[in-house]
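Heads up: the structure comes next, in structure tokens.
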Amino acid sequence: MFRRLSYPLVFLAIIATGAFAQTTTPTTPAKTEPQSAKSGAVVDKAPPAELSKEAIPSGSKVYIAPLNGYESFLVAAIIKKETPIVVVNSPDKADYTITGVSESVQAGWAKMIFLGSQQSNEQASIVMTNVKTGVVVWGYNVNKSNSYKGKQSSSEACAKHLKARIEGRE
Amino acid sequence: MNRKSLSLLLMLMLAAVSGLAQDAAKPIPAGSKVFINPMNDEYEKFLASAFKAKKVPVEIVTEKDKADFEITGTTESKKAGAAKIIFRGSWRSSEQASITVTNLKSGEAVWAYSVNKSDSAHGKKSTAEACAKHLKEKIEKGK
């Protein structure tokens, strides 16, 4: 009799513990957040004004560092979007350099079945640095969960925003 | 030689000179010597074949020192998985490629193109031919 009752009791206790753990987990960082803010952490510091103010002149020479093939997509996007810069093949000839990283995840079977999408998940991040001063003048992150044209879409987003930055719209 | 024929000759000469000047001003003049850098999956061979198939007006050279322009790029292929074959009824591969044409004298990228085909009928051949077709357009029309 005792054994029969003990099994469901233990099972219920495990479920209750699991549920409790799930509900309590998110509260832990909430408690710590104000503490870090009070202790004067880096979080509240405003970015230096010079970084965002430095204008990128139209027609600047830009070198794009190797990014596992993504640099080629970036050049194509810069030309397609008519971004007013000149891409050069050597860092010695450049006023600015672009470095970054990109990542692609192909659609798996679950995405194809449940979402009916075979488009990849793309993310990229690029940073533009002034060669003379070494100051980062611009940076952009892009994440496309259903990228229509793979790397081409993410690189064109980067080129579009770089154009906006050069023309002073961003 | 009378005045009429002289002026006609002058006009023809001017037209020829302006035509030559326009050709030189084009970022990639027809007949340029192009070196295709080695790429992953030997894509440079697909590109060279596509240039021939699409009659791109450039001369492909095997040594970089002899070239006016160089082509660099990358390609990526993904064969159709089981899910794509069963649920979408397509066994064609997904292809993407990107190429850049750089002027070797100035070091400036003069043209670049990206292509993405989610159902490529002929795999890499299709993307290479798309690149070749657009390069031909660029050379001939300058657009």
Drop me the distance from Thr74(B)'s OG1 to Leu67(A)'s CG, to the nearest 0.5 angstrom.
11.0 Å
Rounded to the nearest 0.5 Å, the NZ atom of Lys78(B) sits from the OG atom of Ser120(A) at a distance of 9.5 Å
Strictly less than 4.5 Å between heavy atoms, which residues of residues 75-89 of chain A line up against chain B? Please order them by number.
Val75(A), Ala76(A), Ile79(A), Val86(A), Val87(A), Val88(A), Asn89(A)
I need the residue from Gly107(B), Ser106(B), Gly73(B), Ala109(B) with the largest number of non-hydrogen atom pairs under 4.5 Å to chain A.
Gly107(B)
If you count heavy-atom pairs within less than 4.5 Å of chain A, which of Ser94(B), Ser98(B), Ala83(B) leads?
Ser98(B)
Contact part of Lys61(A) toward chain B, heavy-atom cut-off under 4.5 Å: side chain, backbone, both or neither?
side chain
Ala110(A) versus chain B, heavy atoms under 4.5 Å apart: side chain, backbone, both or neither?
neither
Is chain A contacted by the side chain of [X], its backbone, both, or neither, given a heavy-atom distance below 4.5 Å?
X: Ala97(B); result: backbone
X: Thr100(B); result: both
X: Ile86(B); result: neither

Return the option, out of Glu71(A), Gln106(A), Lys93(A), with the maximum number of heavy-atom pairs under 4.5 Å with chain B.
Gln106(A)
Chain B: which of Trp109(A), Phe73(A), Tyr70(A), Tyr148(A) shares the most heavy-atom pairs with it under 4.5 Å?
Phe73(A)
Within a reach of under 6.0 Å around CD of Glu42(B), are more than 12 heavy atoms found that belong to other residues, nucleotides or ligands?
no
Look at atom NZ of Lys33(B) and say whether more than 12 heavy atoms of other residues, nucleotides or ligands are closer to it than 6.0 Å.
no
Of the non-hydrogen atoms in Met112(A) and Lys84(B), which two are nearest, and what is the gap between them?
SD-N, 3.6 Å
